[in-house]
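To start, the structure itself, in structure tokens.
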Amino acid sequence: MYRNRFRRGSILAEYIISILIVITFIPLLILCIRINLSSLTFQEEAQDEIALAQLKKILNVGSSFEVSSNMIQFDYHDEKYRLYLVNNHLILTPGTQIFLSDIDSINFYLDQSYIYCTYKRKEYSQTRVLTHV
């Protein structure tokens, strides 16, 4: 009977110590979560660069380019492809591959044997080289 009285107290002390350890790590956990939340936001600029890199790979293989201010037509694998803006999305047809989304306007132009595109999203405007003709 004398032993049981001391064992009950030691178990309670172990619970209190483990709760105190957990409580001391909660502020550190909150700080880590706060830092990581900023990296989880969607970054349109990074997504645009990835999409334009994929588009450049297709255009580098293409041939017979016809450039107008709102469209590029070219041959790719013996088919005629068009790149143009529809419903604020830059798409490539045949089929429908969306490369840039939620853009307000796009302008294509040919300058010194390079095809450029200038696109605008809200107040952000960007000019990129697409391919060499």
Side-chain angles (χ1 to χ4, degrees):
M1 183 151 165
Y2 183 69
R3 280 190 196 169
N4 287 338
R5 188 177 69 173
F6 289 115
R7 289 197 67 157
R8 281 187 287 165
S10 66
I11 292 176
L12 181 62
E14 290 172 0
Y15 284 142
I16 290 174
I17 290 172
S18 54
I19 288 173
L20 287 175
I21 291 172
V22 168
I23 288 173
T24 57
F25 282 114
I26 287 176
L28 182 63
L29 179 67
I30 290 172
L31 180 65
C32 291
I33 290 172
R34 185 176 295 156
I35 290 170
N36 286 333
L37 281 179
S38 64
S39 67
L40 294 177
T41 59
F42 182 73
Q43 298 173 349
E44 290 178 334
E45 293 84 14
Q47 185 66 31
D48 289 348
E49 293 300 323
I50 294 168
L52 288 174
Q54 293 171 346
L55 179 60
K56 286 177 186 181
K57 287 181 180 180
I58 293 171
L59 291 174
N60 284 335
V61 179
S63 63
S64 302
F65 290 95
E66 299 172 19
V67 180
S68 66
S69 64
N70 60 352
M71 182 186 328
I72 298 176
Q73 290 184 346
F74 61 98
D75 291 334
Y76 179 68
H77 293 297
D78 298 327
E79 280 190 65
K80 196 72 162 170
Y81 278 73
R82 293 186 314 155
L83 182 68
Y84 58 100
L85 184 69
V86 174
N87 296 330
N88 296 338
H89 299 295
L90 180 65
I91 65 168
L92 180 67
T93 58
T96 303
Q97 293 179 352
I98 298 175
F99 285 97
L100 298 175
S101 59
D102 297 328
I103 58 174
D104 298 326
S105 65
I106 192 160
N107 186 25
F108 301 106
Y109 59 95
L110 183 64
D111 186 26
Q112 297 178 359
S113 73
Y114 288 98
I115 297 176
Y116 291 88
C117 79
T118 300
Y119 63 93
K120 183 178 179 185
R121 178 183 289 126
K122 298 176 187 164
E123 296 176 9
Y124 174 76
S125 180
Q126 195 69 18
T127 300
R128 291 285 187 251
V129 175
L130 293 179
T131 190
H132 182 269
V133 180

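All heavy atoms count here, side chains included; hydrogens, waters and symmetry mates do not.
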In sequence, state the C-alpha distance, the side-chain angles, and the governing distance for Glu45 and Tyr124, and then conclude on side-chain contact (heavy atoms from CB on, under 4.5 Å). CA-CA 10 Å; Glu45 293 84 14; Tyr124 174 76; 3.5 Å; yes
Mind checking side chain to side chain contact (heavy atoms under 4.5 Å, CB included) for [X] and listing every partner two or more places apart, or none if nothing turns up?
X	value
Leu28	Phe25
Pro27	none
Leu29	Ile33

[atom1]-[atom2] distance between [X] and [Y], expressed to the nearest 0.5 angstrom:
X	Y	atom1	atom2	value
Leu90	Tyr119	CG	OH	10.0 Å
Gln126	Thr118	CD	OG1	9.0 Å
Lys122	Glu44	NZ	CD	5.5 Å
Gln47	Leu52	CD	CG	10.0 Å
Leu83	Ile106	CG	CD1	6.5 Å

Could you note down all residue pairs passing side chain to side chain donor-acceptor pair (under 3.5 Å) where residues 93-104 supplies at least one of them, sequence neighbours left out? none
Under the criterion side-chain contact (heavy atoms from CB on, under 4.5 Å), which of Asn70, Ile103, Asn107 is the partner of Leu85? Ile103
Got a sec, which residues hit salt bridge (charged side-chain N to carboxylate O under 4.0 Å, His left out) with Asp75, two or more places apart in sequence or on another chain? Lys80
Please identify each residue that fulfils salt bridge (charged side-chain N to carboxylate O under 4.0 Å, His left out) with Arg128, with sequence neighbours left out. Glu49
Is there a side-chain contact between Pro94 and Tyr81, using heavy atoms and a 4.5 Å cut-off? yes
Val86: hydrophobic cluster co-members (side-chain, 4.5 Å): Met71, Tyr84, Ile91, Ile98
Please check if atom CG in Asn36 has more than 12 non-hydrogen atoms from other residues, nucleotides or ligands closer than 6.0 Å. yes
Non-neighbouring partners of [X] that pass ring-ring contact (aromatic ring centres under 6.0 Å, His included), sequence neighbours left out:
X	result
His132	Tyr114
Tyr116	Tyr109
Phe65	Phe74

Side chain to side chain donor-acceptor pair (under 3.5 Å) partners of Gln73, counting only residues at least two apart: none
Minimum-distance pair of heavy atoms, taken over all atoms of Val67 and Leu110: CG1-N, 4.3 Å
Side-chain donor-acceptor contacts of residues 53-63 below 3.5 Å, not counting sequence neighbours, with atom names and distances?
unit_1, atom_1, unit_2, atom_2, d
Lys56, NZ, Val129, O, 3.3
Asn60, OD1, Thr131, OG1, 2.9
Asn60, ND2, Lys56, O, 3.1

